[in-house]
Amino acid sequence: MARWLVKSEPAKYAFADLQRDGTTVWDGVRNNAAALHLKAMKVGDEVLYYHSQEGLAVVGIARVTREAFPDATDPAGRFVAVELAPVRPLKQPVTLQAMKANPALADLAMIRQSRLSVSPVRDGEWAAILQMAGD
DNA sequence: GCCAACGTTGGC
DNA sequence: GCCAACGTTGGC
């Protein structure tokens, strides 16, 4: 099972919104590298949910409930979307600052390429982040 | 609000 | 097909 990290601006769609909605279509990704990651997602894959712009922290865990399908919001039909459902919030948010300070996360894709909105998380990185969250 | 990173567009 | 200009994202 693969693991991922997605970013969302909480003012637009926060983890609490996902909890309220039960599932959401993760569309609007218009970046090829991010789209490749979306296409690689499988049902059951786990996803860290990161708040960008405000909060600047991983706040919860979500799960892939539907694999890549055409993004209805893309008129050109080139990009894909997936469907996500909430799993649980982290006990404590893990801030970007804390992640940057952890040598175990030096290679984390979202740190190395900060603008990537969907990125892979390795097993060791996943474990490190959950440990920091007290989970 | 600024700026760095980086992807995309368009002229040549 | 190159590359400069431009737009967007996201941290600070």
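Chain identifiers are assigned alphabetically (A, B, ...) following the order of the sequence lines, protein sequences preceding nucleic acid strands; residue numbering begins at 1 within each chain.
The distance between atom CD of A/Gln113 and atom P of C/dG11, rounded to the nearest whole Å, is 13 Å. What separates CG of A/Leu108 from P of C/dG10 is a distance of 15 Å, to the nearest Å. Rounded to whole angstrom, the span from the NE2 atom of A/His51 across to the P atom of C/dT9 amounts to 17 Å. The separation between A/Arg112 atom CZ and C/dG10 atom C1' is 18 Å, rounded to whole Å. For the pair A/Arg30 CZ and C/dT9 P, the interatomic distance rounds to 11 Å; values are reported in whole Å. C/dC12 atom C1' lies 9 Å from atom CG of A/Leu56, rounded to whole Å. We find that CD of A/Glu54 is positioned 15 Å from P of C/dC12, with the value rounded to whole Å.
Legend: salt bridge (charged side-chain N to carboxylate O under 4.0 Å, His left out) pairs involving residues 77-92 of chain A, not counting sequence neighbours, sorted by first then second residue: A/Arg88-A/Asp135. For residues 7-17 of chain A, the salt bridge (charged side-chain N to carboxylate O under 4.0 Å, His left out) pairs, not counting sequence neighbours, are A/Glu9-A/Lys12, A/Asp17-A/Arg20.
Side chain to side chain, A/Thr23 and A/Arg63 fail the donor-acceptor criterion of an N or O pair below 3.5 Å.
For C/dG11, one of the phosphate oxygens OP1 or OP2 lies less than 4.0 angstrom from a side-chain nitrogen or oxygen of A/Tyr50.
Nearest heavy-atom pair, A/Asn32 versus A/Phe79, reported as atom, atom and distance to 0.1 Å: OD1-CE2, 3.9 Å.
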Review item, side-chain donor-acceptor pairs of residues 95-110 of chain A, under 3.5 Å, at least two apart:
unit_1   : atom_1 : unit_2   : atom_2 : d
A/Thr95  : OG1    : A/Ala98  : N      : 3.0
A/Asn102 : OD1    : A/Ala104 : N      : 2.9
A/Asp107 : OD1    : A/Arg112 : NH1    : 2.8

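If you look at A/Tyr49 and A/Trp4, their ring centroids are not closer than 6.0 Å.
Under the 4.0 Å criterion applied to side-chain N and carboxylate O atoms, A/Glu46 and A/Arg3 are assigned as salt-bridge partners.
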Polar-atom pairs under 3.5 Å, protein N or O versus N or O of nucleotides 5-8 of chain C: list them with distances, or write none.
unit_1 : atom_1 : unit_2   : atom_2 : d
C/dT8  : O2     : A/Arg115 : NH2    : 3.1

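Side-chain N or O atoms of A/Glu67 include one that pairs as donor or acceptor with a backbone N or O of A/Val43 at under 3.5 Å.
Only at 4.0 angstrom or more do the heavy atoms of residues 6-15 of chain A sit from any atom of DNA chain B, so none qualifies.
With sequence neighbours left out, A/Asp21 forms a side-chain hydrogen bond (donor to acceptor under 3.5 Å, both in side chains) with A/Tyr13.
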